[in-house]
Amino acid sequence: MRAVDLIQKKRDGGELSREEIAFLVQGYSKGEIPDYQISAWAMAVYFRGMNARETGDLTLEMAMSGDQVDLSPIAGIKVDKHSTGGVGDKTTVVLAPLVASAGVPVAKMSGRGLGHTGGTLDKLESISGFSVEMGREPFFAQVGEIGAAVIGQSGNITPADKKLYALRDVTATVESIPLIASSVMSKKIAAGADAIVLDVKTGSGAFMKTLDDSIELAQAMVDIGTHLGRNTVAVISDMDQPLGFGIGNALEIKEGIETLKGQGPKDLQEVCLILGSQMLVLGGKAKDEAEARSILLSHIEDGSALEKFKQMVSAQGGDVTQVEAPDTLPSASRFIEVKAAAAGYVESIQAEEIGVAAMLLGAGRETKESLIDLAVGIQLSLKVGDAVAAGDTLAVLHVNDASESKVQEAEAKVLEAYRISAEPVPLQPLVFALVTKDGVTRY
């Protein structure tokens, strides 16, 4: 078997066998197939695509290239949740304790942020002492005892995917749905979950800007999960504006705590209830979404969801008093109000611009080596549909050590992100579709 023959086969629209895909992935991982040949193959896939079986086989090969977590020692159906990313997306902070309080174990491996804002691990580290590093046995023990743990990924999870993604990033082959889907799902499969709920974002702040592309990606990932024996569903949710009001690590933890109390932003609570309901159904704790939603709301109302978060924070070395008094979380030294120039209604908020503005203040990483300031970020004051008068505060910048030039650039980006209409604006739905192995349900 030769790489050049497989490149030609895919270039000409052929279907690669499981053995041929294994040959490419294993050969590349071992350094036996050079970058230039895998680049050519990736470009062939970009133009010719892959069918569901090919994509599933590619996913499994990448999952098998490194460590695979066996969660079988933990009782119950383990349900993982993955978001394709967005601005202000702190759903894991809410969902891990909320779903665990309803009896579905959440053994979550998350990542750090690169770009707009911090990742889930960065957000949780806003809580003093919170440790995201944990060995396998303590990880299992914590999930078994309290039902939830959120830790960093093993350094050797899907090394083939890491190597391939770095190559795609510099060869203009990132935007290939089979390659995106297999990259995401290989990590989920390696992490050992029994079932997977995917939150596929769509809109200006998402990787997929259109609903049709988002549904196509969701279908590809659900097909992979189904092919590999994992019960998988995908929710297509809105990222045409940031989720919630807080963008920045400590700001998002505060908002997550408020949501666990039932006092958070309506959009964040609703997305968490929708995703959490799917997790409860897949986890066998509810017969349908309506029953699951009722269960989740009851755990917010009786305080058990917040109590579960406290248990998780305590077990991972965090300061529980900061959960009880969120104002003691890291706070910025100065605050700059961004004012509206004209009256009207907020028509849209370009989420990506808000994310970049937060990064300029230090809430995200411009490079892997960048240090994050956990206290800084942006607190939105108005969302889409809200009425605004000239001079009203659109958002507040939370600033520490950023240079004046970066602060001014961030302020300009926030102003640019807000688009004001003279007429009232109809609200978009928060969720557009549900994708399962049986097809697509549009809302």
Side-chain angles (χ1 to χ4, degrees), residues 83 86-98 101 110 112-113 116-130 132 148 150 241-273 276 299-301 303 305-314 316-338 349 351 354-355 357-359 361-364 372-383 393-400 410 414:
S83 169
V87 179
D89 183 3
K90 69 283 290 181
T91 52
T92 295
V93 173
V94 178
L95 283 170
L98 175 58
S101 72
S110 290
R112 296 196 180 276
H116 296 158
T117 51
T120 298
L121 301 184
D122 302 301
K123 293 166 190 174
L124 288 168
E125 285 178 342
S126 299
I127 302 169
S128 297
F130 193 101
V132 299
V150 181
Q241 64 174 331
L243 186 59
F245 289 86
I247 299 95
N249 299 285
L251 292 173
E252 295 189 42
I253 289 292
K254 288 178 185 177
E255 201 160 81
I257 293 167
E258 291 303 306
T259 303
L260 287 167
K261 292 177 179 177
Q263 300 165 5
K266 289 180 181 177
D267 60 345
L268 175 59
Q269 175 171 297
E270 183 62 20
V271 168
C272 288
L273 288 172
H299 284 285
I300 291 172
E301 289 162 6
L306 182 65
E307 183 59 33
K308 187 62 67 177
F309 186 56
K310 289 182 188 177
Q311 290 173 10
M312 188 181 87
V313 168
S314 177
Q316 295 187 229
D319 184 353
V320 175
T321 64
Q322 291 185 314
V323 179
E324 296 165 344
D327 287 343
T328 62
L329 286 161
S331 181
S333 58
R334 59 190 180 117
F335 308 94
I336 299 170
E337 295 183 353
V338 180
I349 305 172
I354 297 290
M359 182 183 71
L361 299 176
I372 278 186
D373 185 336
L374 298 169
V376 304
I378 298 168
Q379 186 74 25
L380 304 181
S381 301
L382 298 172
K383 298 287 289 283
T393 299
L394 298 172
V396 179
L397 309 186
H398 290 233
V399 182
N400 273 338
V414 172

>> One pair to check against side chain to side chain contact (heavy atoms under 4.5 Å, CB included): Glu255 and Leu251. What are the steps and the verdict?
In response: CA-CA 6 Å; Glu255 201 160 81; Leu251 292 173; over 6 Å; no

What's the separation between atom [atom1] in [X] and atom [atom2] in [Y], rounded to the nearest 0.5 Å?
| X | Y | atom1 | atom2 | value |
| --- | --- | --- | --- | --- |
| Met312 | Phe130 | CE | CZ | 4.5 Å |
| Thr393 | Gln379 | OG1 | CD | 12.0 Å |
| Thr120 | Lys90 | OG1 | NZ | 11.0 Å |
| Leu394 | Leu380 | CG | CG | 9.0 Å |
| Ile247 | Ile354 | CD1 | CD1 | 6.0 Å |
| Leu121 | Ser110 | CG | OG | 5.5 Å |

Determine the minimum heavy-atom distance between [X] and [Y], stating which atoms define it.
| X | Y | value |
| --- | --- | --- |
| Lys261 | Leu306 | CG-CD2, 3.9 Å |
| Asn249 | Gly119 | OD1-O, 4.3 Å |
| Leu361 | Val376 | O-CG2, 3.3 Å |
| Ser126 | Pro330 | O-CD, 3.2 Å |
| Val396 | Ser381 | CG2-OG, 4.3 Å |
| Glu258 | Pro326 | OE2-CG, 4.4 Å |

Counting N and O atoms only, with roles assigned by atom type, does the side chain of [X] sit under 3.5 Å from a partner on the main chain of [Y], one being a donor and the other an acceptor?
| X | Y | value |
| --- | --- | --- |
| Gln322 | Thr328 | yes |
| Lys254 | Gly246 | no |
| Lys383 | Pro242 | yes |
| Glu252 | Gly248 | yes |
| Glu125 | Val132 | no |
| Ser314 | Asp319 | no |
| Asn400 | Ala332 | no |

Please list, chain by chain and in numerical order, all residues satisfying salt bridge (Lys or Arg N to Asp or Glu O under 4.0 Å) with [X], sequence neighbours excluded.
| X | result |
| --- | --- |
| Asp373 | none |
| Lys266 | none |
| Glu307 | none |

> So Val93 and Phe309, side chain to side chain contact (heavy atoms under 4.5 Å, CB included) or not? Walk me through it.
Replying inline: CA-CA 8 Å; Val93 173; Phe309 186 56; 4.2 Å; yes

